[in-house]
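Quick caveat, the model's predicted, so the values are computed rather than measured.
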There are 2 protein chains.
Amino acid sequence: MTTDFRRKTHRSPRDRIVEAARALFRRNGIRATGVDAIAGAADSNKMTLYRHFNSKDELIVECLYRAGMEMDGFWQELERTHPDDGLAQLRTWVRRIAEHLDDDNCHCEMMSAAVQLTDEGHPGRSVIRAFKDAQRDRVVALCRKADIVDAELLSDTLLLLIEGARATQQTSGAQGPSARFAEIADAAIQSFARGGLAPKQV
Amino acid sequence: MTTDFRRKTHRSPRDRIVEAARALFRRNGIRATGVDAIAGAADSNKMTLYRHFNSKDELIVECLYRAGMEMDGFWQELERTHPDDGLAQLRTWVRRIAEHLDDDNCHCEMMSAAVQLTDEGHPGRSVIRAFKDAQRDRVVALCRKADIVDAELLSDTLLLLIEGARATQQTSGAQGPSARFAEIADAAIQSFARGGLAPKQV
DNA sequence: CGGCCCTGTTACCGACCAGTAACATTTTCG
DNA sequence: CGAAAATGTTACTGGTCGGTAACAGGGCCG
């Protein structure tokens, strides 16, 4: 029943706590998840948690930071598998997001957290903001490399579609508008690709 | 400091409570808003609140229901101001959403609530779901009336862009990708309009 | 072995919060 | 007016949650 992170690998209690927290935050929300539940799911206890993190907020920040780092890793992998091919990287990126849309792990940690961290001054918000800004820069750079007509515009288009797909998945389920996300995003890329076909709608 | 709904109009306590709740839910989140705060902001008190709603959850449902009704009213107004002109209705709709993106009232109540109402069985979720389904049907109908090439596809595209713009506004602020939402959505409509110009990207 | 650092256990505190009870007050309307 | 209905006030309950204190193992390394 309870996710046992210890048996899977011999990770440190700190690691198990962070991963358990991320899982619970995704599944039940940040505010709805108590520190006792986190410690329990990590097969640890509250005291150990508070020896590694001075507060729940600090743990939240670490979770967001890790989520960002994972995305960074994914970007590097993208560059490795499709070296110097911006268009292929863009397409692979979109496809991967589409595949992970209905994962329990749907990486909407950032969006979800942004909604729940209402305090404008919450340290987590700056982590999210920094990550989103970096992501935007990355996509723009990718579009440029892919010889896209208007890199900034396609970039923003894709970012809107992606966030929209994640949000819609939450409210309307997998059968909602997000079902055609990949198709839509591919069409957008297609219509911006220089020297490609004439822009098409399907 | 505290929003005084009573002075503005002589609404019933029930009305004031619901509107105060919606405002606080939007600003601070559902879980972060206590019933005392709601009653206080409504210039009323907790007892009166509980005489009208058996629980906080019931109040949440009423808030979501009202948000849906307001949108319904907006759709009717759209039909009234642009009778039988689907394309104009679509464009006006997009423009209005763009204008309201940075309102404090950014009508992301639904999305925000969906993230925070983690219980799959929460009655509020079905209200959201029903509203989103109805909205999708409406947009599809509008696209058909506007003589759009692929009504379902444009409809889903716009819905993704809209939700994406709202979500992105939360995480990246007004200067983020959502800044060009109107431009992007208009281009999408343009490229799907039958007999219009060749699809363009700007 | 023996000390030390990390971890686990239990119990507790104070704050907050949803919801209720009993009573006082105002508003509404016949 | 006068009674009934709606609203306001205060105080309380029971539970949850973030965070802390004190103490008890337990593994690692000299």
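- The distance from atom CG of Asp15(B) to atom P of dT7(D) is 11 Å, rounded to the nearest whole Å.
- Two residues, Gly34(A) and Met47(A), neighbour DNA chain D, and the one matched to the more 5' nucleotide by heavy-atom proximity is Gly34(A).
- Contact check, Arg31(A) against dC17(C): no side-chain N or O comes under 4.0 Å of OP1 or OP2.
- Between His52(A) and dC6(C) there is no side-chain polar atom (N or O) within less than 4.0 angstrom of OP1 or OP2.
- A donor-acceptor pair is defined here as one N or O able to donate and one able to accept, closer than 3.5 Å; such a pair exists between the side chain of Ser126(B) and the backbone of Pro123(B).
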Do Leu87(A) and Ile189(A) pass the side-chain contact (heavy atoms from CB on, under 4.5 Å) test, and can you show the C-alpha distance, the side-chain angles, and the key distance before you say yes or no? CA-CA 8 Å; Leu87(A) 205 55; Ile189(A) 296 175; 3.9 Å; yes
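- In this structure, the CZ atom of Arg51(A) is 16 Å from the P atom of dG19(D), given to the nearest Å.
- With hydrogens and angles ignored, the 3.5 Å screen pairs a side-chain donor or acceptor of Gln89(B) with a backbone N or O of His82(B).
- Rounded to an integer number of Å, the gap from CZ of Arg14(B) to P of dG8(D) is 14 Å.
- Between Asn45(A) atom CG and dA11(C) atom C1' the separation is 13 Å, expressed in whole Å.
- Between the P atom of dG19(C) and the CD1 atom of Ile17(B) lies a distance of 14 Å, rounded to the nearest Å.
- Spacing between atom CG of Leu59(A) and atom C1' of dG19(D) amounts to 14 Å, rounded to whole angstrom units.
- Following rounding to the nearest Å, Arg11(A) (CZ) and dT7(C) (P) show an atom-to-atom distance of 15 Å.
- In terms of polar N and O atoms assigned as donor or acceptor, the side chain of Lys46(B) comes within less than 3.5 Å of the base of dG19(C) in a complementary pairing.
- Checking the phosphate oxygens (OP1, OP2) of dT7(C), no side-chain nitrogen or oxygen of Ser44(A) falls inside 4.0 Å.
- When the P atom of dC12(C) is taken as reference, atom CG of Asp36(A) falls 16 Å away, rounded to whole Å.
- Under the 3.5 Å distance criterion, the side-chain polar atoms of Arg144(B) are left unmatched by any main-chain donor or acceptor of Ala151(B).
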